[in-house]
K.L.:
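Pasting in a structure now, in structure tokens, and then I'll have a few things to ask.
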Amino acid sequence: MTGSPAEPDHRTASGRSGHHSHSGHRGHFSAGYALLALVSAGAALFLAVHHPLSPALASAFALALAGVTAWRPLLGLALLPALLPAIDLMPWTGWLTFEEFDIAVLAVAAGGYARLCVHRPQASAASGTRAAKGLLLLLYGAAVGLAMLRGFADAGGFAWGWWQGYQEPMNSLRVAKPFYLALLLLPLWRARFRANPGRAARWFSGSLAAGFGVVSLLALWERWANTGLANFSSDYRTTALFWEMHVGGAALDAFLALTAPFAVRELGRANSPRRWALAAGVVVIGAYACVTTFSRDVYLAVPAGLALMALLAARQGGRPDAPAPGRPGRWPGAVAAAGCLAFALAAAAVFPGSGYR
């Protein structure tokens with residue numbers, strides 16, 4: 001994720017010299033970016049002012065997040081993975097179609113596109129693969145849109161409502177909107193990677209590791225409150241704050257599996273005792289959260305992700321994972337391999353006679 005060994009040194013230098021030192025230019029106002037910023041801001045505030053608990057706090061949250069993103073785009077984007085497992089309050093609001101995370105994504109999009117209106121990184125050269133990827137995204141987006149329309153029709157036609165359930169038209173919008181929200185953020189991440197690939201990769205990895213830490217703390221809190229931390233025999237399934245799991249599913253399992261390798265990567269890249277201790281704490285708590293899901297999906301997916309990370313590190317020729325000059329190198333591939341083995345052994349010991357299956 002940090003670029004090839006042949007990258008010139010000016011990228012590393014720009015990453016150390018501050019936020020405005022990397023390639024970019026001002027003065028070319030973009031009407032398209034301005035329109036996206038206005039639409040995103042309007043949608044975020046529309047949801048915020050209709051928040052069931054506190055429209056004022058929701059609006060202040062949206063404005064603050066948009067402002068932070070306009071000021072420091074990477075910071076706003078990096079906050080989203082850490083917020084995702086913690087801020088949706090459906091059990092308290094009753095909202096099913098919309099969530100507080102939707103407000104956060106739209107606010108970040110508003111701030112990010114407002115920033116791009118006046119400060120855009122240099123565009124990279126066009127390529128045939130970019131056109132192919134764009135076509136695939138377009139086709140998939142069209143398929144999602146068609147499925148949403150079929151869902152509206154099957155539920156008797158579209159009808160707006162804040163409190164609709166799973167059998168009503170707005171549920172189709174609930175299922176479709178994550179793809180379009182991710183698509184809305186894609187150009188913002190691409191712009192940051194064009195500006196400074198190494199810096200953007202570090203922020204992206206760190207943000208996913210932070211999300212892993214947040215959800216692991218929530219899982220730890222839930223088990224402490226309901227089963228006790230040392231109870232490995234109760235038929236209890238951890239959900240953290242993923243309210244969607246009240247009707248089943250594997251939202252927690254998927255989030256843990258997708259973010260665990262990035263937490264291990266941060267441990268392997270730690271270049272100070274304080275950072276190493278923080279990353280090690282996240283990995284230990286996260287390992288507990290993963291093991292106590294008693295889920296075969298997690299038990300297979302986490303070692304697979306760690307093994308893939310070790311293979312990718314080995315493919316880089318065994319070099320440390322792009323340490324900055326003057327910093328000690330670390331070996332995330334070796335850490336990932338050791339973590340994969342340790343987790344697999346723990347899962348094999350716990351699963352046959354423990355907990356929810």
K.L.:
With a 6.0 Å cut-off on ring centres, are Phe262 and Trp203 close enough?
P.N.:
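No, they do not, as the ring centres are separated by 6.0 Å or more.
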
K.L.:
Quick one: does Asp253's side chain have a donor or acceptor within less than 3.5 Å of a partner on Ser295's backbone?
P.N.:
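Here the side-chain-to-backbone pair does not exist.
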
K.L.:
Taking the side chain as C-beta and beyond, is there a heavy-atom pair between Arg115 and Thr69 under 4.5 Å?
P.N.:
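With C-beta onward as the side chain, the pair stays apart.
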
K.L.:
Please report the interatomic distance CG(Leu258) to CG(Leu208), rounded to the nearest 0.5 Å.
P.N.:
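One gets 8.5 Å once the value is rounded to the nearest 0.5 Å.
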
K.L.:
Rounded to the nearest 0.5 Å, what separation is found between the OH atom of Tyr236 and the OG1 atom of Thr292?
P.N.:
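Between atom OH of Tyr236 and atom OG1 of Thr292 there are 10.5 Å.
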
K.L.:
Return yes if some donor-acceptor pair links the side-chain N/O of Asp154 with the main-chain N/O of Gly151 below 3.5 Å, else return no.
P.N.:
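A pair under 3.5 Å: no.
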
K.L.:
For the side chain of Glu100 and the backbone of Leu89, is there at least one donor-acceptor N/O pair under 3.5 Å apart?
P.N.:
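Side chain of Glu100 to backbone of Leu89, a donor-acceptor pair under 3.5 Å: yes, one is there.
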
K.L.:
Who are the ring-ring contact (aromatic ring centres under 6.0 Å, His included) partners of Phe152, not counting sequence neighbours?
P.N.:
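If we apply the ring-ring contact (aromatic ring centres under 6.0 Å, His included) test to Phe152, skipping adjacent residues, the hits are Phe158.
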
K.L.:
In Å and rounded to the nearest 0.5 Å, what is the CZ to CG distance from Arg223 to Leu218?
P.N.:
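If I round to the nearest 0.5 Å, the distance is 14.5 Å.
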
K.L.:
Angle class for the Phe255/Phe242 ring planes (parallel below 30°, perpendicular above 60°, tilted otherwise)?
P.N.:
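Phe255 vs Phe242 ring planes: tilted.
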
K.L.:
Mark yes or no for whether Glu222, through its side chain, and Ala240, through its backbone, hold a donor-acceptor pair below 3.5 Å.
P.N.:
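At least one qualifying donor-acceptor pair exists.
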
K.L.:
With sequence neighbours left out, write down each residue that passes ring-ring contact (aromatic ring centres under 6.0 Å, His included) with Phe46, or none if nothing qualifies.
P.N.:
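So Phe46 forms a ring-ring contact (aromatic ring centres under 6.0 Å, His included) with His50, Trp162.
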
K.L.:
Would a 4.5 Å heavy-atom cut-off, applied to side chains only, mark Asn271 and Arg275 as touching?
P.N.:
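Contact flag for Asn271/Arg275 side chains = yes.
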
K.L.:
Could you check if a side-chain atom of Trp163 sits within less than 4.5 angstrom of a side-chain atom of Pro52, using non-hydrogen atoms only?
P.N.:
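A side-chain contact under 4.5 Å exists here.
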
K.L.:
Should Leu252 and Leu256 count as side-chain neighbours, where that means a heavy-atom distance under 4.5 Å?
P.N.:
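Yes. Closest side-chain heavy atoms under 4.5 Å.
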
K.L.:
Can you tell me if Tyr113 uses its side chain to pair, donor with acceptor, with the backbone of Leu188 under 3.5 Å?
P.N.:
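Here the side-chain-to-backbone pair does not exist.
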
K.L.:
Give a yes or no answer on whether the side chain of Glu266 reaches the backbone of Ala209 with a donor-acceptor pair at less than 3.5 Å.
P.N.:
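The answer is no, because no donor-acceptor pair under 3.5 Å joins these two groups.
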
K.L.:
Taking the side chain as every heavy atom from C-beta outward, state whether Leu241 and Trp221 have any atom pair closer than 4.5 Å.
P.N.:
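In contact.
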
K.L.:
Just so I know, are the side chains of Tyr288 and Leu229 near enough to count as touching, which here means a heavy-atom distance under 4.5 Å?
P.N.:
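Yes; the side chains approach each other to less than 4.5 Å.
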
K.L.:
Heavy-atom count around Trp224 CH2 within 6.0 Å, excluding the residue itself: above 12?
P.N.:
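12 or below, so no.
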
K.L.:
Could you check if a side-chain atom of Asp102 sits within less than 4.5 angstrom of a side-chain atom of Lys177, using non-hydrogen atoms only?
P.N.:
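SC-SC contact between Asp102 and Lys177 confirmed.
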
K.L.:
Is the shortest heavy-atom distance from the side chain of Met90 to the side chain of Glu99 under 4.5 Å?
P.N.:
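The answer is no, as the side chains (C-beta and beyond) never meet within the 4.5 Å cut-off.
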
K.L.:
Hey, does the side chain of Ser216 reach the backbone of Phe212 with a donor-acceptor pair shorter than 3.5 angstrom?
P.N.:
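Answer holds: yes.
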
K.L.:
Using a 3.5 Å distance criterion without hydrogens, assess whether the side chain of Tyr33 forms a donor-acceptor pair with backbone atoms of Gly112.
P.N.:
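Such a contact is absent between Tyr33 side chain and Gly112 backbone.
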
K.L.:
Ignoring hydrogens and angles, tell me if any N or O in the side chain of Ser205 forms a donor-acceptor pair with the backbone of Arg202 under 3.5 Å.
P.N.:
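Not at all, since once roles are kept as given, no pair shorter than 3.5 Å links the two residues.
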
K.L.:
Answer yes or no: is there a donor N or O on one side and an acceptor on the other, between the side chain of Arg174 and the main chain of Thr97, under 3.5 Å?
P.N.:
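No, because the side chain of Arg174 does not come within donor-acceptor range (under 3.5 Å) of the backbone of Thr97.
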
K.L.:
Can you confirm whether more than 12 heavy atoms, excluding those of Tyr166, are under 6.0 Å from its OH atom?
P.N.:
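Buried by this count: over 12 neighbours within 6.0 Å.
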
K.L.:
Looking at every non-hydrogen atom in both residues, tell me the closest pair between Thr238 and Met245 and how far apart they are.
P.N.:
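Shortest heavy-atom separation between Thr238 and Met245 comes out as O-CE, 3.8 Å.
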
K.L.:
Could you state whether Leu137 and Val144 fall into the same hydrophobic cluster, counting links through intermediate Ile, Leu, Val, Met, Phe, Trp or Tyr residues with side-chain heavy atoms under 4.5 angstrom apart?
P.N.:
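Yes; tracing contacts between hydrophobic side chains, which count when under 4.5 Å, links both residues.
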
K.L.:
Do Ile87 and Leu106 belong together in a cluster built from hydrophobic side chains that touch within less than 4.5 Å?
P.N.:
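Cluster IDs for Ile87 and Leu106 match.
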
K.L.:
For Trp189 and Leu74, which heavy atoms make the closest approach, and how far apart are they?
P.N.:
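Looking at all heavy atoms of both residues, the shortest contact is CZ3-CD2, 3.7 Å.
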
K.L.:
Enter the distance from Leu116:CG to Ser30:OG here, rounded to the nearest 0.5 Å.
P.N.:
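Output value for this atom pair is 8.0 Å.
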
